[in-house]
Amino acid sequence: TPDEWVPRDSRMVRLTGKHPFNAEARLKDLYSYGFFTPSNLFFVRNHGAVPMVDEPTAREWKVEISGLCQNPVTFSLNDLRSMFEVVTIPITLVCAGNRRKEQNVVQKSLGFSWGAAGLSTALFTGVRLSDVLEFVQPQKGAKHVIFEGGDNLPNGPYGTSQLLSWARDRRKGMMLAWAMNGLPLEPDHGFPIRLVVPGQIGGRSVKWLRKIELSRQESQHHLHFHDNKVLPMPLGPDRARAEKDWWYDPRYIIRDLNVNSAIACPDHDEVLQVASTDQYTLRGYAYAGGGRRVTRVEISFDEGTTWELAQIHYLEDLFRDVPYDDSIYGTLDLTESDQSFCWCFWSFEVGVEVLKSASSITVRAMDESLALQPRDMYWNATGMMNNWWFRVCIHHLE
Ligand code: MTE
């Protein structure tokens, strides 16, 4: 296959055929590394072959910025590094298809079956997109910023766009990043440079970034329209025609992530040896979109009739007392002022007696806008944004 040269970890679970590479770690493995995912276990979503970029090519790599701006310019990585403040931000990327498997079990959607590990977190290092846009001086009439990757797909390069007003907003934290957890990006994750859009679905974070264009209209790239939408529920005989139009309906585009959570311990199919102990600690993750913080995680042992509060662990708690040398990676911006772009973990101690009498464990999270995970699945044709309550069923083996 074209990607044979790309280094990959055998623990990654392939979700599609041999090519392109789409893979997630086992949720328990992913979780066991803590807040930051090593890049070899970071989920991968590729629509085609990984562009082969060696060191010399990377040194020559250029990002061209054109369109409705006063200073169209072409930057090398070194230009970006030397001209703008270098920042490091903890960011969780989540594929819009995370947890799609549950939807596909109900009815096959158009996408492949991600488990609940279609997400990962890293400290991304780069420059702020808002600073770069300030430099090129957007002109009147520009409304969208279009990003294009260097991969060669059957329907043209991968590309998508952002509203210019969002892209200029420093609080949104969008960045042009060349490093993950202090190391250069891996080929699968966009080496030598990618866009990272915190708080939005992973599909907006264009890898192998080549071009930025300021424009009156949104991206016209094939996958900007034919991907990353939540189309309405099936509607009867006119569905096929309606679906064709729906791809182009800007109301159905997905930008911000929705609030979500999952249980990592115990994992599905895990056999618990609990006889000798009377307490077990349930663990998992939660995240929200748009820089909103997860404010509540709740657990139920009776399918949602009653709920108990889990304890939430935020990344910031961990970092409070750690000295940080910003001469290496630039300014470490943990929360990008009041924004939260990193997943949090939760835990809940439960007596084994409770688990013995329950038939399931359910988790749900709420974010600071008081958005709450729904009880019911919103099945949709693309199988995206699946955030109904997450359950692990308990089977009693005795
Ligand atoms: N960028 C390019 N150029 N090509 C792609 O196929 N996939 C997108 C996005 N950026 C993609 C891309 C999708 S759908 C996701 S979810 C994220 O990259 C995945 O990023 P990762 O593979 O680094 O986890």
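Both ligands and their constituent atoms are indexed starting at 1 by order of listing.
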Task: All salt bridge (Lys or Arg N to Asp or Glu O under 4.0 Å) counterparts of Arg194, not counting sequence neighbours - done: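 Arg194 satisfies salt bridge (Lys or Arg N to Asp or Glu O under 4.0 Å) with no other residue.
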Task: Pi-cation contact, Trp61 with Arg210 (under 6.0 Å, within 45°) - done: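 Checked: cation-pi criterion met.
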Task: Cation-aromatic face contact Arg293/Tyr314, 6.0 Å, 45 degrees - done: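 Yes, a cation-pi geometry holds between Arg293 and Tyr314.
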Open item on the list: Tell me which pairs pass ring-ring contact (aromatic ring centres under 6.0 Å, His included) where either residue lies in residues 178-214, with sequence neighbours left out.
Closed with: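 For residues 178-214, and leaving out neighbouring residues, the ring-ring contact (aromatic ring centres under 6.0 Å, His included) pairs sorted by first residue read Phe42-His189.
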- [ ] Can you tell me which residue pairs pass the side-chain hydrogen bond (donor to acceptor under 3.5 Å, both in side chains) test with a partner in residues 38-53, sequence neighbours excluded?
- [x]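 Pairs touching residues 38-53 that pass the test: Asp9-Asn40, Asn22-Arg45, Arg45-His47, Asn46-Asp188, Asn46-Lys207, His47-Asp227.
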- [ ] Before giving the answer on side chain to side chain contact (heavy atoms under 4.5 Å, CB included), spell out for Asn380 and Ser109 the whole-Å C-alpha distance, their side-chain angles and the decisive distance to 0.1 Å.
- [x] CA-CA 7 Å; Asn380 60 96; Ser109 72; over 6 Å; no
Between ligand 1 and the protein, give all atom pairs where both partners are nitrogen or oxygen and the distance is under 3.5 Å, as lines of names plus distance to 0.1 Å.
residue  : atom   : partner : partner atom : Å
ligand 1 : 1 (N)  : Lys207  : N            : 2.9
ligand 1 : 3 (N)  : Asp151  : OD1          : 3.0
ligand 1 : 3 (N)  : Asp151  : OD2          : 3.2
ligand 1 : 3 (N)  : Lys207  : O            : 3.1
ligand 1 : 4 (N)  : Asp151  : OD2          : 2.6
ligand 1 : 6 (O)  : His47   : N            : 2.9
ligand 1 : 6 (O)  : His47   : ND1          : 2.7
ligand 1 : 7 (N)  : Arg45   : O            : 3.2
ligand 1 : 10 (N) : Ser205  : O            : 2.9
ligand 1 : 20 (O) : Arg194  : NH2          : 3.1
ligand 1 : 22 (O) : Arg45   : N            : 3.0
ligand 1 : 22 (O) : Lys207  : NZ           : 2.5
ligand 1 : 23 (O) : His189  : ND1          : 2.7
ligand 1 : 23 (O) : Arg194  : NH1          : 2.8
ligand 1 : 24 (O) : Phe43   : O            : 2.6

